[in-house]
Asks: 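Dropping a structure here in structure tokens format, bear with me for questions.
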Amino acid sequence: MSSKAAIIGAGLIGRAWAIAFARGGWSCALWDPDPDAASTTRESARGLIESLEAEGLLGEPVDAIMARIDAAPTLNEALDGAAWMQENAPEKLEVKEPLWAEIDAVAGSDTILASSSSAIVPSKFTETLSHRAHCLVCHPLNPPYLLPAVELVPAPWTDPATMAEAERVMKALGQAPIVMQRELDGFVMNRMQGALFEEAFRLVADGYCTAEDIDIGIREGLAVRWSIIGPFETGDLNAPGGIRDYVNRYQHIYVGLHEDQKRRVDWAGPVLDDIEAARREKLPADKLGERQGWRDRQLMALALHRLKARERLGD
């Protein structure tokens, strides 16, 4: 199999995927409908790759990785010889449908065709394509070069061999694939994240705690544990007899909570004023970009710690 990836759409997600593939040894051809975007994105990627090197997260020089990322002048040239295509267009069906028709017209017969879609299921834009058996969603957490979880979502007509190869490629890049058996709105991660957001907005709207209290509970509590084990393993380890013992002991608590949790709070309602005010008090709007850089450096430090901890302690 070739090790060329066509990265279609050179925004933040496209840049992140280019870094992930190039760091994994693949050559990457960046293409965007904006003729200047791919070159600009390539140059901005260098700073991020240099940050990875500074944190000890590269196994080779920055220039070696940058040499694998090129800007392609046309869609055809980006896809020429590509074994993997990663589309990163805006989350709008009216944008994806014509773009995927163009991709389908020039893609190789064996090219895996993946979308970074975070909400639109693949059947919505691949049904009429001649290469539809090779189409899937490959939805990352952003940025994928720091957060390895990635969702592989098939359309009803996606070939199982395509899914198996996609899983193999993602693992080879150092990603951690979630292989869905069939498509579902929201996939896995947004459904889990959405459930947490629903309760967070409800608790603040009903006056039980502040937005900062919610962030403390996740940041200093649940997320610390979840950064090394997930909720099912947490339950398995939190009762003497494992997960079944946990359910027998604690399910009744959550049954009682479930009735309250059926009521939605409008995220854009009055509660948003309170949450936004709390956030702007903690972080002025003009400091958002600076804080995003801080977050990414924190994630790099965490990634290095996890790597070293696994080498020393195992998975």
Asks: Treating Ile, Leu, Val, Met, Phe, Trp and Tyr as nodes and any side-chain heavy-atom pair under 4.5 angstrom as an edge, say whether Ile218 and Ile216 lie in one connected cluster.
Replies: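 Different clusters.
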Asks: Considering non-hydrogen atoms only, spot the tightest contact between Leu146 and Pro148 and give its length.
Replies: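 Minimum heavy-atom separation between Leu146 and Pro148: O-CD, 3.5 Å.
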Asks: Could you tell me which non-hydrogen atom of Ser117 sits nearest to which non-hydrogen atom of Glu91, and how far apart they are?
Replies: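 Heavy atoms of Ser117 and Glu91 come nearest at OG-OE2, 3.1 Å.
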Asks: Do the side-chain N and O atoms of Glu77 and Thr74 include a donor-acceptor pair separated by under 3.5 angstrom?
Replies: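 Result is yes, a qualifying pair exists.
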Asks: Taking all atoms of both residues into account, what is the closest heavy-atom pair of Ala72 and Trp31, and its distance?
Replies: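 In terms of heavy atoms, the two residues are closest at O-CD1, 3.3 Å.
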Asks: Decide yes or no on side chain to side chain contact (heavy atoms under 4.5 Å, CB included) for Val153 and Val121, but give the supporting numbers first.
Replies: CA-CA 8 Å; Val153 187; Val121 295; 5.7 Å; no
Asks: If you apply the rule side chain to side chain contact (heavy atoms under 4.5 Å, CB included), what do you find for Asp296 with Ser51, and how did you get there?
Replies: CA-CA 9 Å; Asp296 287 351; Ser51 296; over 6 Å; no
Asks: Side-chain contact, heavy-atom cut-off 4.5 Å: His131 with Asp110?
Replies: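 His131 does not reach Asp110 side chain to side chain.
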Asks: Tell me whether Glu276 is salt-bridged to Arg279, with the criterion being a basic N under 4.0 Å from an acidic carboxylate O.
Replies: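 No, Glu276 and Arg279 are not salt-bridged.
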Asks: Any ion pair linking Lys308 and Glu311 (charged N to carboxylate O, less than 4.0 Å)?
Replies: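 Salt bridge between Glu311 and Lys308, a charged N being under 4.0 Å from a carboxylate O: no.
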Asks: Determine, for Arg68 against Glu60, whether the closest basic-nitrogen to carboxylate-oxygen distance falls under 4.0 angstrom.
Replies: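 Here Arg68 pairs with Glu60 in a salt bridge, since their nearest N and O are under 4.0 Å apart.
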Asks: Could you identify which residues cluster with Val271, counting Ile, Leu, Val, Met, Phe, Trp and Tyr as linked when any side-chain heavy atoms lie under 4.5 Å apart, either directly or through a chain of such contacts?
Replies: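 Answer for Val271: Phe197, Phe201, Leu203, Val204, Tyr208, Ile214, Val265, Trp267, Ile275.
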Asks: Could you work out, with side chain to side chain donor-acceptor pair (under 3.5 Å) as the rule, every residue matching His139, not counting sequence neighbours?
Replies: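 Testing His139 for side chain to side chain donor-acceptor pair (under 3.5 Å), a comparison that skips the adjacent residues, returns Glu151.
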Asks: Just how far is it from atom CD of Gln175 to atom CG of Leu152, taken to the nearest 0.5 Å?
Replies: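 With rounding to 0.5 Å, CD (Gln175) is 10.0 Å from CG (Leu152).
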Asks: Just jot down the salt bridge (Lys or Arg N to Asp or Glu O under 4.0 Å) partners of Glu167, sequence neighbours excluded, or say none.
Replies: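 Applying salt bridge (Lys or Arg N to Asp or Glu O under 4.0 Å) to Glu167 gives Lys171.
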Asks: What I'd like to find out is whether the side chain of His134 reaches to under 4.5 Å of the side chain of Ile112, using heavy atoms alone.
Replies: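 Not in contact.
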Asks: Any chance you could measure Leu302, atom CG, to His305, atom NE2, to the nearest 0.5 Å?
Replies: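 Between Leu302 CG and His305 NE2, I get 7.0 Å after rounding to 0.5 Å.
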Asks: Counting only N and O atoms by type, is there a donor-acceptor contact under 3.5 Å from the side chain of Arg191 to the main-chain atoms of Asp185?
Replies: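 Side chain of Arg191 to backbone of Asp185: a pair is present.
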Asks: Quick one: are Glu87 and Met85 in side-chain contact, heavy atoms under 4.5 Å?
Replies: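 Result yes, sub-4.5 Å side-chain heavy-atom pair found.
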Asks: Check this for me: does any side-chain nitrogen of one of Asp63 and Arg46 sit under 4.0 Å from a carboxylate oxygen of the other?
Replies: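 Salt bridge present between Asp63 and Arg46.
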Asks: Would you say that Ser123 contacts Glu183 through its side chain, given a criterion of any heavy-atom pair below 4.5 Å between the two side chains?
Replies: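 Yes - at least one pair of side-chain heavy atoms lies under 4.5 Å apart.
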Asks: Between the side chain of Lys4 and the main-chain N/O of Ala78, is any donor-acceptor distance below 3.5 Å?
Replies: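 Present.
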Asks: Run the side chain to side chain contact (heavy atoms under 4.5 Å, CB included) test on Cys28 and Asp70 for me, step by step, so that the C-alpha distance in whole Å, both residues' side-chain angles and the decisive distance to 0.1 Å come before the verdict.
Replies: CA-CA 6 Å; Cys28 300; Asp70 286 316; over 6 Å; no
Asks: I'd like to know whether Leu99 forms a side chain to side chain contact (heavy atoms under 4.5 Å, CB included) with Lys96, so could you lay out the CA-CA distance, the side-chain angles of the two residues, the decisive distance to 0.1 Å, and finally the verdict.
Replies: CA-CA 5 Å; Leu99 176 58; Lys96 289 189 183 295; 5.7 Å; no
Asks: If you measure from the Lys or Arg side-chain nitrogens to the Asp or Glu carboxylate oxygens, is any gap between Arg219 and Glu212 under 4.0 Å?
Replies: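 Looking at Glu212 together with Arg219, the answer is yes, because their closest N to O distance falls below 4.0 Å.
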Asks: Indicate yes or no for a side-chain donor-acceptor contact from Arg42 to the backbone of Ile69 under 3.5 Å, with no hydrogens or angles considered.
Replies: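 Indeed, once roles are kept as given, a pair shorter than 3.5 Å links the two residues.
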Asks: Should we say atom CD of Gln181 is surrounded by more than 12 heavy atoms from elsewhere, each under 6.0 Å from it?
Replies: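 Open: at most 12 neighbouring heavy atoms sit under 6.0 Å from CD of Gln181.
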Asks: Closer than 3.5 angstrom, by distance alone: can the side chain of Ser39 be matched with the main-chain N or O of Asp36 as a donor-acceptor pair?
Replies: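 Not a single qualifying donor-acceptor pair exists.
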Asks: Would you list the atom pairs, donor with acceptor, under 3.5 Å between side chains in residues 5-23 and any protein atom, with sequence neighbours excluded?
Replies:
{"unit_1": "Arg15", "atom_1": "NH1", "unit_2": "Ser44", "atom_2": "OG", "d": "3.2"}
{"unit_1": "Trp17", "atom_1": "NE1", "unit_2": "Ser116", "atom_2": "OG", "d": "3.0"}
{"unit_1": "Arg23", "atom_1": "NH2", "unit_2": "Tyr145", "atom_2": "O", "d": "2.7"}

Asks: Do any side-chain atoms of residues 229-246 form donor-acceptor pairs under 3.5 angstrom with protein atoms, and if so which ones, sequence neighbours left out?
Replies:
{"unit_1": "Thr234", "atom_1": "OG1", "unit_2": "Gly230", "atom_2": "O", "d": "2.9"}
{"unit_1": "Asp236", "atom_1": "OD1", "unit_2": "Ile243", "atom_2": "N", "d": "2.7"}
{"unit_1": "Asp245", "atom_1": "OD1", "unit_2": "Arg249", "atom_2": "NE", "d": "2.9"}
{"unit_1": "Asp245", "atom_1": "OD2", "unit_2": "Gly241", "atom_2": "N", "d": "2.9"}
{"unit_1": "Asp245", "atom_1": "OD2", "unit_2": "Arg249", "atom_2": "NE", "d": "3.1"}

Asks: Nearest heavy-atom pair of Ala155 and Thr126: which atoms, and what distance?
Replies: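 Closest approach of Ala155 to Thr126: CB-OG1, 4.0 Å.
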Asks: Is the shortest distance from a Lys or Arg side-chain nitrogen in Glu198 or Arg264 to a carboxylate oxygen in the other one below 4.0 Å?
Replies: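 Yes, this pair counts.
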Asks: Taking the side chain as everything from C-beta on, heavy atoms only, tell me whether Val150 gets closer than 4.5 Å to Pro144.
Replies: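 Result no, sub-4.5 Å side-chain heavy-atom pair not found.
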Asks: Is there a side-chain contact between Asp206 and Arg263, using heavy atoms and a 4.5 Å cut-off?
Replies: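 Yes, their side chains come closer than 4.5 Å.
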Asks: Identify, with sequence neighbours excluded, every residue that meets ring pair (Phe, Tyr, Trp, His ring centres under 6.0 Å) alongside Trp100.
Replies: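 In terms of ring pair (Phe, Tyr, Trp, His ring centres under 6.0 Å), with neighbours along the sequence ignored, Trp100 is linked to Phe125.
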Asks: Rounded to the nearest 0.5 Å, what's the gap from CE on Met189 to CZ on Phe187? Could you check?
Replies: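 Met189 atom CE to Phe187 atom CZ measures 9.5 Å (nearest 0.5 Å).
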Asks: Membership question, hydrophobic clusters at under 4.5 Å side-chain separation (ILVMFWY): are Tyr250 and Leu257 in the same one?
Replies: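 Yes, one cluster joins them.
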Asks: If we ignore angles and hydrogens, is there a donor and acceptor under 3.5 Å between the side chains of Trp84 and Gln86?
Replies: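 Indeed, the side chains of Trp84 and Gln86 share at least one donor-acceptor pair under 3.5 Å.
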Asks: Judged by atom type as modelled, is there a donor-acceptor pair below 3.5 Å linking the side chain of Thr111 to the main-chain atoms of Leu113?
Replies: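 Between the backbone of Leu113 and the side chain of Thr111 there is no qualifying donor-acceptor contact (under 3.5 Å).
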Asks: When rounded to the nearest 0.5 angstrom, what distance separates CG in Leu79 from CD in Glu102?
Replies: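 It comes to 10.0 Å.
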Asks: Which atoms form the tightest heavy-atom contact between Val95 and Ala89, and what is the distance?
Replies: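 It is CG1-CB, 4.0 Å.
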Asks: I'd like to know if Leu184 and Met163 are part of one continuous hydrophobic network [Ile/Leu/Val/Met/Phe/Trp/Tyr, side-chain heavy atoms within less than 4.5 Å].
Replies: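 Yes; Leu184 is reachable from Met163 via cluster members.
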Asks: Kindly say whether Ala101 contributes a backbone atom to a donor-acceptor pair with the side chain of Asp104 at under 3.5 angstrom?
Replies: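 No.
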Asks: State the CD-CG distance between Glu290 and Leu283, to the nearest 0.5 angstrom.
Replies: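 Glu290 atom CD to Leu283 atom CG measures 8.5 Å (nearest 0.5 Å).
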Asks: To the nearest 0.5 Å, how far apart are CD in Glu127 and CD in Glu97?
Replies: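 Spacing of CD (Glu127) from CD (Glu97) equals 10.5 Å.
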Asks: Would a single hydrophobic cluster contain both Trp294 and Leu57, if residues Ile, Leu, Val, Met, Phe, Trp and Tyr are joined by side-chain heavy-atom contacts under 4.5 Å?
Replies: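 The answer is no; the residues belong to distinct hydrophobic clusters.
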Asks: Donor-acceptor pair, Asp32 side chain versus Ala38 backbone, under 3.5 Å?
Replies: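 Here the side-chain-to-backbone pair does not exist.
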Asks: Is Leu304 reachable from Leu147 through a run of I, L, V, M, F, W or Y residues, each pair having side-chain heavy atoms under 4.5 Å apart?
Replies: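 Yes; tracing contacts between hydrophobic side chains, which count when under 4.5 Å, links both residues.
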